[in-house]
Amino acid sequence: MNEQETGSTLWHGRFEGGPAEALMAYTVSLPFDRQMWSDDIAGSRAHVRGLARTSLLSDAERDEILSALDRVAEEMESGAFVFVESDEDIHTAVERRVTEIAGPAGGKLHTARSRNDQVATDLRLWCKRQLPQVAAALIGLQEVLLDRAVAAGDAYLPGYTHLQRAQPVLLAHHLLAHGWAIARDVDRLADTLRRLDVSPLGAGALAGSSLPIDPEGTAADLGFAGVFDNSLDAVSDRDFVAEAVFDLALIGIHLSRIGEEWVVWTSGEFGFAQLDDAYATGSSMLPQKKNPDIAELARGKSGRLIGNLTGLLATLKGLPIAYNRDLQEDKEPLFDSVSQVLLAVSALTGMIATATFDTEAMQAAADEETTAATDLAEFLVRAGVPFREAHAIVGAHVRSTLAGDGTLRDLVAADARLGPDAAALVAPGAGVRQRTSRGGAGPVALPGQLDRYRAMLVRERDAFDAADR
Ligand code: ARG
């Protein structure tokens with residue numbers, strides 16, 4: 001905040017004494033809501049044009065206020081704006097300054113408006129600017145996953161269940177698995193944006209106005225797709241914040257799962273990937289260390305994103321309709337979740353784009369003979385053996401090979417029910433080629449998946465570019 005001057009509050013008329021320092025210190029929201037300044041000015045511009053349309057302002061007054069708003073915008077942009085002690089929040093600060101610049105006309109800015117409908121409008125506008133940026137960042141991550149998947153070619157690694165080797169899967173397939181989870185995140189953001197695209201401006205403090213205002217007109221002016229139907233709901237609804245913070249928490253959870261994977265992959269024990277120096281950290285004491293701190297923080301900060309959601313939901317629970325000051329607590333979790341997700345996506349995208357895969361280590365781990373067990377059982381199924389029986393036959397061979405009775409391949413080759421054709425399935429690299437079904441993990445199914453993934457990316461880019469938010 002710039003140098004401070006004192007001034008009286010917007011609501012001093014009814015009060016004899018000024019506010020206590022402790023009250024201001026506790027209740028101000030300016031330190032965080034000032035990032036909505038451009039939304040606040042946009043809302044005020046639309047409001048003022050609306051007041052002039054219904055003759056609550058003369059055209060001259062409208063223009064005076066609009067040019068004062070332009071000047072406030074310039075001051076905000078350049079950092080020249082001087083906040084004063086009585087600026088409780090961004091709405092107060094903008095109105096105070098407009099009144100200083102425009103004189104008596106400025107005093108008409110807040111006609112038929114409350115900070116209650118104003119803040120709800122500002123926050124929806126803020127979401128309409130910021131959530132598409134989160135979506136764009138996620139699309140960038142999906143593109144990197146696609147690039148790395150295409151470049152991975154036929155490389156394969158063990159697929160795990162219970163973190164125990166299960167069946168070999170293409171590295172491309174594994175990378176795209178995360179891309180599909182993120183596709184749902186992007187879709188969820190689009191859905192949240194669609195639902196929040198409703199203007200609350202004109203709801204007033206809680207009940208609308210006795211003056212001839214034009215909520216449909218201001219909604220259209222601001223680019224909202226719809227306008228509120230119930231003033232009480234309009235000022236007390238923070239569902240859109242809860243939805244956005246949920247979307248961001250789930251994104252955080254998806255990023256944390258990617259993070260955990262990379263912590264494991266870059267460990268000495270796995271050795272499946274190496275981080276580029278630019279995306280790894282060292283140890284202050286252990287000279288040999290190269291640590292995956294981005295991946296760990298993607299995992300760790302998901303806790304904070306979940307906390308933002310549960311904190312917000314707790315704040316909203318049980319609030320009497322309509323506005324309560326508690327609602328001021330909606331902004332910090334939302335702002336924090338957006339900024340943390342943007343930082344995480346950017347860092348993880350760079351980390352994944354620049355890392356090196358050790359596909360030999362991956363394949364060596366996947367070539368463990370027993371990962372072919374399911375293929376052997378399915379070989380028997382093709383010969384007409386009921387799956388449960390086939391499972392038992394192959395399970396017995398696995399038990400024998402683990403007991404040291406020979407390699408699985410030899411045991412299978414020697415079994416008349418299986419034989420040499422089945423034994424070929426145990427050969428290195430054979431397993432991954434068996435997964436041919438739609439959406440499966442092998443090279444036969446992959447091209448179809450890649451086509452659908454690319455089409456999904458086109459749809460996402462259209463949804464977020466065309467909207468031009
Ligand atoms: N700073 C407040 C908020 O963020 C603005 C609304 C204040 N309204 C009121 N009636 N005190 O919610």
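Keep in mind it's a predicted model, so treat the numbers as computed, not measured. All heavy atoms count here, side chains included; hydrogens, waters and symmetry mates do not. For ligands, and for the atoms within them, numbers begin at 1 and follow the listed sequence.
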remark   = Shortest non-hydrogen pair, Ser236 vs Ile321, comes out as OG-CG1, 3.3 Å
Does a side chain donor of either [X] or [Y] reach within less than 3.5 Å of an acceptor in the other side chain?
{"X": "Gln142", "Y": "Trp180", "result": "no"}
{"X": "His174", "Y": "Glu261", "result": "yes"}
{"X": "His47", "Y": "Gln118", "result": "no"}

key: Contacts of Asp33 that satisfy side-chain hydrogen bond (donor to acceptor under 3.5 Å, both in side chains) - sequence neighbours left out   = Ser29
key: Amino acids in close contact with ligand 1, where any non-hydrogen atom sits under 4.0 angstrom away   = Ser29, Asp33, Asp89, His91, Arg115, Asn116, Val119, Tyr323, Arg325, Gln328, Lys331
ask   = Quick one: does Ile352's side chain get under 4.5 Å of Trp262's, heavy atoms only?
value = yes
